[in-house]
Amino acid sequence: MAKAKASAKPKRSATTKRLVAKKMRAKTVVRARAKNNAARKVAKAPRASREKVVKARRGKGERALDDVRILDMTHVQSGPTCTQLLAWLGADVIKVERPGVGDITRGQLRDIPDVDSLYFTMLNHNKRSITLDAKNPAGRKVLEALVRHCDVLVENFAPGALDRMGLTWARIQSLNPRMILASVKGFGPGPYEDCKVYENVAQCAGGSASTTGFDDGPPLVTGAQIGDSGTGLNLALGIVAALYQRTMNGKGQKVLCAMQDGVLNLCRVKLRDQQRLARNGKLTEYPQHPHGRFGESVPRAGNASGGGQPGWILKCKGWETDPNAYIYFITQAPVWEAICKVIGKEEWITHPDYAKPVARLPRLMEIFATIEQWTMTKTKFEAMEILNKYDIPCGPILSMKELAEEQSLRATGTVVEVDHPTRGKYLTVGNPIKLSASSTEVRRSPLLGEHTDEILAELGFDADEVAAARAQGAV
Ligand code: COA
């Protein structure tokens, strides 16, 4: 067989071709990133005065989001929860409020006359406040400067309100193609998308209310703000993910979190049970089994555990006068023997009606009533101490007073005392996310428009421009 004549350019094997193509792609990505970074520097080229202030204020990577600027157009609870969290992680959060009015929560549920309410202060720590009227031309100019200046715009207005301010997605992108627009709405696309929504509406529409409470009572809402604060948490995660994606593709995007979706996401165990019920006609760990009746939908299960280990809330010593003298008790299968010994029912360890989890299921209410005879002889803290020795999962029902006074929560920064110029000292919840290399210092919420001048200077507006805007009521 004749040998193929060697060509001047040796032929590449398929593997070599693939490697070369990969190398070229990598080079393109590096070039694109460099271009993006350069474009970002130009787009963000700060004016001298702004640079000085920003440099002084910004950290040097000491906190996770030190380099991120948030244009915070949120109000009430869901949006502010999100932006407060980002501020705790180090972002520079600029809260935009209407001149003379501000976030409606400043004046709601006030405990001290004419002082920002706890409702507001506890949702707006570590932020700066600028007032501007987005519907006034001079105010709009400031708002658009902020869109150019920031990385993320967060809003939770009623559907359509942002567009009516002139900030359509197209306009935002033309001002700042890297901008991430993050929104909370009550519902996603569908029949209710135009509805205004508050916390309890979301709890009801997201499946929480229909599955909370007792079988013989009405649906109940829960005290945890799963619709508002829960959705705010989702939004924060969406923003961080979008910021990360932007480091690779250089582009902004929209992030949408609907409150109904957020609540349903937290109710997933009930959607699980809906399908189990449809298949088997019963839910054996529910209090309705075996004496009650099941309908077509997941019923309210009182205090039953949502998992595979049955639990219930039991009275403790003092329950007659203390509404929180209760403990949550879980009859976890691996520690069943220990439970029997602790409560003095050693015969249950081997008895065929009690020894195995499946045998216990139809007797759960009777079992919990027997355990309660024991818990009622102990305070919730005494019971905790005894049960924990045997690794029996349980939890005291802690009142808000007890939580406010709990020193271990103060030590971890989960409950923080903050000083405020007009209200004095108050307690708030701190950052629930603890990063080992990004500490959180909880700083008081801003007074209405406290940082207007400072931010306008950073944006490059001179004294005459500021005076003119003020004269028009635009800022
Ligand atoms: N300058 C000028 N106008 C401003 C402004 C500013 N700085 N800030 C707000 N506004 C205007 C808005 O443009 C809007 O005006 P428009 O509707 O006439 O165009 C108006 O203030 C009020 O906004 P809206 O969001 O409708 O407030 P609301 O008090 O009537 O409704 C909610 C409150 C929470 C029900 C509603 O915002 C909503 O459904 N949000 C989405 C879901 C949500 O987050 N709910 C949880 C809240 S905790």
Side-chain angles (χ1 to χ4, degrees), residues 71-85 94-109 117 119-120 122-124 127-147 153-168 171-172 181-190 192-206 208 221 224-236 238 254-263 446 448-449 451-452 455-456 469-470 472-475:
L71 170 49
D72 181 6
M73 300 188 75
T74 68
H75 63 160
V76 204
Q77 184 177 173
S78 64
T81 302
C82 164
T83 50
Q84 175 170 263
L85 203 54
I94 300 172
K95 183 168 174 103
V96 171
E97 296 175 88
R98 249 181 302 186
V101 182
D103 187 327
I104 194 169
T105 59
R106 285 189 186 266
Q108 284 180 333
L109 310 177
S117 70
Y119 194 2
F120 176 84
M122 291 176 72
L123 282 159
N124 291 285
K127 303 181 186 178
R128 299 192 288 162
S129 165
I130 178 173
T131 49
L132 68 85
D133 181 351
K135 291 179 179 158
N136 172 303
R140 176 83 59 85
K141 202 173 151 197
V142 176
L143 186 57
E144 296 202 341
L146 279 166
V147 173
L153 191 170
V154 191
E155 63 93 21
N156 68 312
F157 294 124
L162 196 67
D163 288 357
R164 290 194 289 277
M165 285 181 188
L167 287 183
T168 59
R171 180 67 186 149
I172 291 169
L181 170 60
S183 305
V184 169
K185 296 291 166 249
F187 294 93
Y192 305 121
E193 65 188 311
D194 292 329
C195 297
K196 289 189 176 185
V197 169
Y198 284 106
E199 171 68 46
N200 289 344
V201 177
Q203 287 194 23
C204 293
S208 176
V221 293
Q225 305 287 282
I226 57 177
D228 277 342
S229 286
T231 308
L233 295 174
N234 288 348
L235 194 70
K254 290 193 276 183
V255 181
L256 171 66
C257 289
M259 294 168 70
Q260 182 187 38
D261 299 3
V263 172
L448 181 60
H451 304 96
T452 302
I455 294 164
L456 288 172
R470 233 180 247 295
Q472 291 176 43
V475 295

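First listed ligand is number 1; within each ligand, the first listed atom is number 1. Values below: every heavy atom of this structure, side chains too, minus hydrogens, waters and symmetry copies. On a predicted model such as this, the values are computed, not experimentally measured, just so you know.
- The existence of a salt bridge linking D103 and K95 is confirmed by a sub-4.0 Å separation between a basic side-chain nitrogen and an acidic carboxylate oxygen.
- In this structure, H75 contributes its side chain and I104 its backbone to no donor-acceptor pair below 3.5 Å.
- In this structure R98 satisfies the salt bridge (Lys or Arg N to Asp or Glu O under 4.0 Å) test with no other residue, sequence neighbours excluded.
- Residues satisfying the salt bridge (Lys or Arg N to Asp or Glu O under 4.0 Å) test with R470, not counting sequence neighbours, are D453.
- At a threshold of 4.0 Å, the pair E155-K185 counts as salt-bridged, since one of the basic side-chain nitrogens sits closer than that to a carboxylate oxygen.
- Legend: residues meeting salt bridge (Lys or Arg N to Asp or Glu O under 4.0 Å) with E199, ordered by chain and number and at least two apart, are absent.
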Can you list every pair where an N/O of ligand 1 is under 3.5 Å from an N/O on the protein?
from: ligand 1; atom 1: 1 (N); to: A134; atom 2: N; distance (Å): 2.9
from: ligand 1; atom 1: 7 (N); to: L132; atom 2: O; distance (Å): 3.0
from: ligand 1; atom 1: 13 (O); to: K135; atom 2: NZ; distance (Å): 3.1
from: ligand 1; atom 1: 15 (O); to: K135; atom 2: NZ; distance (Å): 3.0
from: ligand 1; atom 1: 17 (O); to: R164; atom 2: NH2; distance (Å): 2.9
from: ligand 1; atom 1: 19 (O); to: K135; atom 2: NZ; distance (Å): 3.0
from: ligand 1; atom 1: 19 (O); to: R164; atom 2: NE; distance (Å): 2.8
from: ligand 1; atom 1: 21 (O); to: R98; atom 2: NH2; distance (Å): 3.2
from: ligand 1; atom 1: 25 (O); to: A158; atom 2: N; distance (Å): 2.7
from: ligand 1; atom 1: 26 (O); to: K196; atom 2: NZ; distance (Å): 3.2
from: ligand 1; atom 1: 30 (O); to: K196; atom 2: NZ; distance (Å): 2.5
from: ligand 1; atom 1: 37 (O); to: H75; atom 2: NE2; distance (Å): 3.0
from: ligand 1; atom 1: 37 (O); to: N156; atom 2: O; distance (Å): 3.3
from: ligand 1; atom 1: 37 (O); to: A158; atom 2: N; distance (Å): 3.1
from: ligand 1; atom 1: 39 (O); to: V197; atom 2: N; distance (Å): 3.1
from: ligand 1; atom 1: 40 (N); to: N156; atom 2: O; distance (Å): 2.9
from: ligand 1; atom 1: 44 (O); to: S78; atom 2: OG; distance (Å): 2.9
from: ligand 1; atom 1: 44 (O); to: N156; atom 2: ND2; distance (Å): 3.0
from: ligand 1; atom 1: 45 (N); to: V197; atom 2: O; distance (Å): 2.7

